[in-house]
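Below is one structure, written out as structure tokens; comments come after it.
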Amino acid sequence: PRAVTVSKLAMLASAPAIAPPDALRDYEESLQIAREIHFAAGEAAGYWSLVLFHIVRGHFGCALAAGQRGLYIASELGHRGWEVANRFTLGVLYGELFAPEQALQQLESALTLAREMRSQYWVNHVTGATAGAYCLLDDLAAAQTCLEAVLSPQTPMDTIGKRYCW
């Protein structure tokens with residue numbers, strides 16, 4: 001029951017209709033509950049969501065701290081899914097900060113894990129972000145090569161991950 005509360009509070013906090021101070025309070029509460037019940041995977045998930053919350057608001061320092069904490073927890077647990085998610089958000093954050101080399105470090109690690117997990121969801125999302133980081137480096141050939149690994153002219157835009165690559 002408390003684990004469900006953690007998930008629900010984190011999802012509720014990300015809802016656009018909730019005022020940011022209320023959302024931040026809900027995130028903090030969900031993370032506190034996850035710690036209290038020793039639900040480390042839920043804590044890693046909460047930090048992943050918190051990174052996104054801070055990125056869209058331009059709170060990059062808070063996003064970086066949350067992303068690093070989420071990645072640390074996921075890595076310590078050996079939870080590859082949340083490691084991919086946290087590396088992805090850190091990569092996106094570094095891209096927003098115009099730090100493409102740092103973005104690529106996170107994204108290439110995330111892409112390797114996503115492929116090992118055979119998670120097409122994460123492969124597509126991470127590939128789109130990786131191509132964007134290559135574009136920031138003005139390496140359009142690398143971006144194209146990256147995208148060609150998941151796209152063809154016949155690839156439908158039927159998922160958010162594929163649309164991210166298009």
Side-chain angles (χ1 to χ4, degrees), residues 1-16 18 20-97 99-134 146 149-150 159-162 164-165:
R2 298 255 343 225
V4 171
T5 302
V6 170
S7 298
K8 286 184 179 179
L9 282 171
M11 290 181 72
L12 208 89
S14 64
I18 297 178
D22 295 335
L24 193 53
R25 184 196 64 237
D26 290 344
Y27 274 117
E28 289 167 356
E29 183 179 354
S30 72
L31 291 168
Q32 181 61 36
I33 292 169
R35 281 188 290 275
E36 287 174 5
I37 64 172
H38 307 288
F39 183 36
E43 193 175 357
Y47 279 114
W48 165 74
S49 185
L50 187 57
V51 173
L52 296 171
F53 172 84
H54 284 306
I55 287 173
V56 299
R57 286 164 180 78
H59 302 153
F60 297 135
C62 293
L64 182 60
Q68 290 171 335
R69 182 72 182 142
L71 177 57
Y72 174 79
I73 293 167
S75 297
E76 286 292 306
L77 274 177
H79 196 298
R80 294 165 27 153
W82 289 123
E83 185 176 344
V84 169
N86 278 284
R87 286 188 183 281
F88 168 73
T89 53
L90 280 169
V92 169
L93 173 61
Y94 285 127
E96 290 291 316
L97 295 172
E101 294 88 0
Q102 290 171 288
L104 285 171
Q105 285 178 332
Q106 295 299 329
L107 294 167
E108 288 171 351
S109 293
L111 192 53
T112 298
L113 283 170
R115 286 179 179 146
E116 288 172 2
M117 292 169 40
R118 295 189 175 117
S119 173
Q120 200 58 46
Y121 173 88
W122 282 118
V123 167
N124 289 337
H125 277 76
V126 175
T127 296
T130 302
Y134 281 124
C146 187
V150 296
T159 68
I160 191 168
K162 289 177 188 174
Y164 196 48
C165 291

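Just so you know, these numbers come straight off a predicted model, no measurement behind them. When reading the values below, keep in mind they use all heavy atoms of this one structure, side chains included, and skip hydrogens, waters and symmetry mates.
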Minimum-distance pair of heavy atoms, taken over all atoms of Gly42 and Ala34: C-CB, 4.2 Å
With a 4.0 Å cut-off on N to O distance, would you call Glu83 and Arg87 a salt bridge? yes
Distance check, rounded to the nearest 0.5 Å: Met117 atom CE versus Thr112 atom OG1? 12.5 Å
Criterion side-chain hydrogen bond (donor to acceptor under 3.5 Å, both in side chains) against Gln32, the qualifying member of Glu29, Glu36, Glu28: Glu36
Any side-chain heavy atom of Thr89 sitting closer than 4.5 Å to one from Leu52? yes
Rounded to the nearest 0.5 Å, how far apart are CG of Leu90 and CD1 of Ile55? 8.0 Å
Nearest heavy-atom contact between Gly91 and Ala103 is O-CB, 3.3 Å
Please determine whether side-chain contact (heavy atoms from CB on, under 4.5 Å) holds for the pair Leu104 and Tyr134, giving the CA-CA distance in whole Å, both sets of side-chain angles, and the decisive distance to 0.1 Å. CA-CA 8 Å; Leu104 285 171; Tyr134 281 124; 3.7 Å; yes
Counting C-beta onward and ignoring hydrogens, is there a side-chain heavy-atom pair between Leu24 and His54 closer than 4.5 Å? yes
Rounded distance (nearest 0.5 Å) linking atom CG of Asn86 with atom OG of Ser109: 13.0 Å
Can you give each donor-acceptor pair under 3.5 Å made by side-chain atoms of residues 61-74, sequence neighbours left out, with the distance rounded to 0.1 Å?
none

Side-chain donor-acceptor distances from residues 119-127 under 3.5 Å, at least two apart:
| unit_1 | atom_1 | unit_2 | atom_2 | d |
| --- | --- | --- | --- | --- |
| Ser119 | OG | Trp122 | N | 3.3 |
| Gln120 | NE2 | Asn124 | OD1 | 3.1 |
| Asn124 | ND2 | Gln120 | O | 3.3 |
| His125 | ND1 | Tyr121 | O | 2.9 |
| Thr127 | OG1 | Val123 | O | 2.6 |

Find out whether Leu97 and Phe60 are in side-chain contact, i.e. whether some heavy atom of one side chain is under 4.5 Å from a heavy atom of the other. yes
Separation between NE2 of His59 and CG of Leu93, rounded to the nearest 0.5 Å: 13.0 Å
Please find the pair of heavy atoms, one from Ala41 and one from Leu77, that lie closest to each other, and give the distance. N-CD1, 3.4 Å
Starting at OG of Ser30, measure out to CZ of Arg35 and round the result to the nearest 0.5 Å. 8.5 Å
Closest approach of Ala133 to Leu107 (non-hydrogen atoms, all atoms of both residues): CB-CD1, 4.3 Å
Could you report the tightest heavy-atom contact between Val92 and Ala129, atom names first, then the distance? CG2-CB, 4.2 Å
Scan for salt bridge (Lys or Arg N to Asp or Glu O under 4.0 Å) pairs involving residues 58-68, sequence neighbours excluded, and state none if there are none. none
